[in-house]
Amino acid sequence: MMMNAKQRCISLLKDCKTLQNIKKIQAIATKTSLLNDPFISGKLILLSAISISDALQYACNLFLEIPSPDIFTYNTLIRGLSESNSPQQSLLTYIEMRRKTILQPDSFSFAFILKAAANYKSLDGGIQLHCQSLVHGLDNHLFVRTTIVSMYAECGCISSARKAFDELSQPNVVAWNAIVTACFRCGDLKGAEVLFGRMPFRDLTSWNIMLAGYMKAGEVEPAKRIFAEMSAKDEVSWSTMIVGIAHNGRLDEAFEYFRELNSAGMRPNEVSLTGVLWACAQAGAFEFGKVLHGYIEKAGFGMMVSVSNTLLDTYSRCGNVQMAHLVFDWMIINKNIVSWTSMMASFAMHGLGKEAVQLFHNMESSGVIPDGITFICILYACSHAGLLKEGIGFFHKMQATYGIEPSIEHYGCMVDLYGRSGLLRKAFEFVIEMPIEPNDIIWRTLLGACSIHGDVTLAEQVKERLSELDPTNPSDHVLLSNIYAVAGKWRDVVSVRRSMTDQNIKKSPGWSMIEVDKIMYNFVVGEGSNGVTKEAQEKLMEIMSRIRIEGGYIPEVGSVLRDIEEEEKENAVSLHSEKLAVAFGISRLCRGSVIRVVKNLRVCRDCHVVMKLISKVYKWKIVLRDRSRFHSFHEGQCSCQDFW
DNA sequence: GTAGGGTTAG
């Protein structure tokens, strides 16, 4: 059957996901003067404006070519822009429409533009639009009013949201759902519960709102109770549980729910897949990640940017930067700013600063515009690879070329950059002079630099500031005590330890995980003597004595806290969780495989030395992810070049 | 021919 040009465009538009396709359709439309058809042009603009990186400008240009856009076309552009990275543009377009045309906004216009105000978190703008809708007699329109409720909640104004809801004479289920969501958004859990109880009717979404609300508030148990109570569950219910549980740090349970989802006869969707992949990334579950990768390819989820981006990140956080890069390369036309930034972060974590810098330039030449997070990653890459000059260059470039105002995170990266490079005074001055009030993280970064370079005097000054901001943070005390220990100031070590005991500050326990046969094993310092721990301890004894004889190992006792007897100190470091996990790996894994360990804290100097020696004496490759980066040990060397 | 409430990546 012959299709006419309009039908062809419409069918092409149905699954149009890339800028290339949009351009193709535009070519057909232009040739056949279909661009004057408001349906085609409107759809085109909408599709190109939404979530396709770099297409926003294209959409606006396209819009300008339309001779006299009608309200439908304007609405489409306003909607596209409201969901973009710059929702302000949506408001500007609306203002322009009012100024330049005689078009009257309708209920659609208000629904979209109020959403823009919500996304932009602009309370002032939202109030003005609320008034405008009143002027046009549309503020009572059910759809508009529901958006007003959500807008006020997004802007943090629960009382106005509540008022807008209470004025509705006959709220339907969507309006009820909106007000419950509003309570959760504003942190009013009690209010959400009360309103949920009062709802005259509920649909599945109402229940899902409760799940998501509790999860985002960190209330996992109530969410689990509700989930168990629900008679009907859909994809969203399952995805919400998996994502929520994972983000609340219960990785094992996230895997469990994912397995349950499958055995309940449901198919994972892209959201549950990103959730479970995210859990793999956190846990360093490389083997399970690979299994999921297979499923993703087979089921066709590889085309989805969010899934591929998460997969990339998972490989990266599991220590396999090569696989991460492969996933990145496979996303030929799909890459967005998140993909580029994730790849940069991946290089950065693995100490490949030069590669990250090169990637940044490639991104620029391919026309992708970096955002604030991209710059955090590239600055992190520079500081972790000692690229001082490059880092300073990027910090200027983000402001001069891209007009991005540095946030506290960017300043933190700069402090880290100067600090790691040994320019401690410069780092200190930078903190004093920065236009934002430094927070605890900034000072902690500087304290970390003092620890690397052994500057006791500056460390004491910095710790004083930290004591004002966050007096009970255990890691600050531990870090200061370590600085004293390395400098041999045992009396000061004791005094820090004593003040910790007096204030009942406990060091967060270190743990390390390793995956063997797709099962994760967790090792915690000084915890338990079950079969697995025993096995690891015995193997570790053997390893330590072998690296002592064959590798010339001398324990670095500065890494322990207390001024205890030398032999005891040696014992305490030798039982660090990462050592146990690696020993367990050597005991269980096949020769030739890579030992991948994830640790929750920073690796200590002694463990770092031991890992290098094991990689040399035992000829195993060890990939250790600690709190801040990756260490790849091979033939007695570490990828971080002892710079962490 | 466009809408309002719930889950997704750096």
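In what follows, every chain begins at residue 1, and chains take the letters A, B, ... in the order their sequences are listed. Basis for what follows: all heavy atoms, side chains included, without hydrogens, waters or symmetry-related copies.
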Participant: Kindly write out the residues that satisfy salt bridge (charged side-chain N to carboxylate O under 4.0 Å, His left out) with A/D166, not counting sequence neighbours, or none if the list is empty.
Facilitator: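 Salt bridge (charged side-chain N to carboxylate O under 4.0 Å, His left out) list for A/D166, sorted by chain: A/R162.
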Participant: Among B/dG4, B/dA9, B/dT7, which is the nearest nucleotide to the side chain of A/H247?
Facilitator: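 In terms of side-chain proximity for A/H247, the closest of B/dG4, B/dA9, B/dT7 is B/dA9.
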Participant: Check each residue of residues 234-242 of chain A for a non-hydrogen atom within less than 4.0 Å of any atom in DNA chain B, then write out the ones that pass by number, or none.
Facilitator: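 Contacts with DNA chain B under 4.0 Å: A/D234, A/V236, A/S239, A/T240.
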Participant: According to the 5.5 Å centroid and 30° plane-angle thresholds, does A/F143 stack upon the nucleobase of B/dA3?
Facilitator: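 A stacking contact does not exist, since A/F143 is not both close and nearly parallel to the base ring of B/dA3.
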Participant: Please check if the side chain of A/R145 supplies one atom and the backbone of A/P171 the other of a donor-acceptor pair under 3.5 Å.
Facilitator: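 No; zero donor-acceptor contacts below 3.5 Å.
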Participant: With a 6.0 Å cut-off on the ring centroids, do A/F110 and A/H141 count as close?
Facilitator: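 Distance test on ring centres: not under 6.0 Å, no.
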Participant: Taking A/F375 as the fixed residue, which of A/P406, A/S407, A/P370, A/C413 is the one that meets the side-chain contact (heavy atoms from CB on, under 4.5 Å) rule?
Facilitator: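 Running side-chain contact (heavy atoms from CB on, under 4.5 Å) over A/P406, A/S407, A/P370, A/C413 with A/F375 returns exactly one hit, A/P370.
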Participant: Fit a plane to each ring of A/F395 and A/Y411, take the angle between them on a 0 to 90° scale, and name the class: parallel (under 30°), tilted (30 to 60°) or perpendicular (over 60°).
Facilitator: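 Rings of A/F395 and A/Y411: perpendicular, as their planes differ by over 60°.
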Participant: At under 4.0 Å between heavy atoms, what does A/I373 touch on the DNA or RNA strands: base, sugar-phosphate, or nothing?
Facilitator: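 Contact class for A/I373: base.
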Participant: Which part of the nucleic acid, if any, lies within reach of A/R185 when heavy atoms closer than 4.0 Å are counted: base, sugar-phosphate only, or nothing?
Facilitator: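 Result for A/R185 = sugar-phosphate.
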Participant: Let's test your reading of the model: under 3.5 Å, does the base of B/dG10 pair with the side chain of A/S342 as donor and acceptor?
Facilitator: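 No.
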Participant: Around atom CZ of A/R98, are there more than 12 heavy atoms from other residues, nucleotides or ligands closer than 6.0 Å?
Facilitator: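 More than 12 within 6.0 Å, yes.
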Participant: Check salt bridge (charged side-chain N to carboxylate O under 4.0 Å, His left out) between A/E364 and all other residues, then give those that pass, not counting sequence neighbours.
Facilitator: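 With neighbours one apart ignored, the set is A/K397.
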Participant: Could you check which of B/dA9, B/dA3, B/dG4 has an atom nearest any side-chain atom of A/H141?
Facilitator: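 Closest nucleotide to the A/H141 side chain: B/dA3.
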Participant: Between A/W176 and B/dG4, is there a contact of a side-chain N or O with OP1 or OP2 at under 4.0 Å?
Facilitator: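 Answer no for this pair, as no side-chain N or O of A/W176 is under 4.0 Å from OP1 or OP2.
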Participant: Test for a donor-acceptor pair under 3.5 Å between the base of B/dA3 and the side chain of A/S107, counting only N and O atoms.
Facilitator: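 Donor-acceptor pair under 3.5 Å: yes.
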Participant: B/dG4 base to A/T146 side chain: any donor-acceptor pair below 3.5 Å?
Facilitator: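 When only heavy-atom distances are counted, A/T146 does reach the base of B/dG4 through a donor-acceptor pair under 3.5 Å.
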Participant: Measure from the side chain of A/N269, starting at C-beta and using heavy atoms only, and say which of B/dA9, B/dG10, B/dT7 lies closest.
Facilitator: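 When the side chain of A/N269 is considered, B/dT7 is the closest of B/dA9, B/dG10, B/dT7.
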Participant: Between B/dT7, B/dA9, B/dG10, spot the one nearest the side chain of A/N309, thanks.
Facilitator: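 The answer is B/dA9.
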Participant: What's the closest nucleotide to the side chain of A/T147 if the choices are B/dT2, B/dT8, B/dG4?
Facilitator: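 Among B/dT2, B/dT8, B/dG4, the one nearest the side chain of A/T147 is B/dG4.
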Participant: Between the base of B/dA3 and the side chain of A/N75, is there a donor-acceptor distance below 3.5 Å?
Facilitator: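 When only heavy-atom distances are counted, A/N75 does not reach the base of B/dA3 through any donor-acceptor pair under 3.5 Å.
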Participant: A/T374 has a side chain; which of B/dT2, B/dG10, B/dA9 sits nearest to it?
Facilitator: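 For the A/T374 side chain, the nearest candidate turns out to be B/dG10.
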Participant: Answer with yes or no whether A/N336 presents, from its side chain, a donor or acceptor under 3.5 Å of a partner atom in the base of B/dG10.
Facilitator: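 Side chain to base: no pair below 3.5 Å.
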Participant: Check this one for me: any side-chain N or O of A/R79 less than 4.0 Å away from OP1 or OP2 of B/dA3?
Facilitator: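 So the side-chain polar atoms of A/R79 do come within 4.0 Å of the phosphate oxygens OP1 or OP2 of B/dA3, strictly under.
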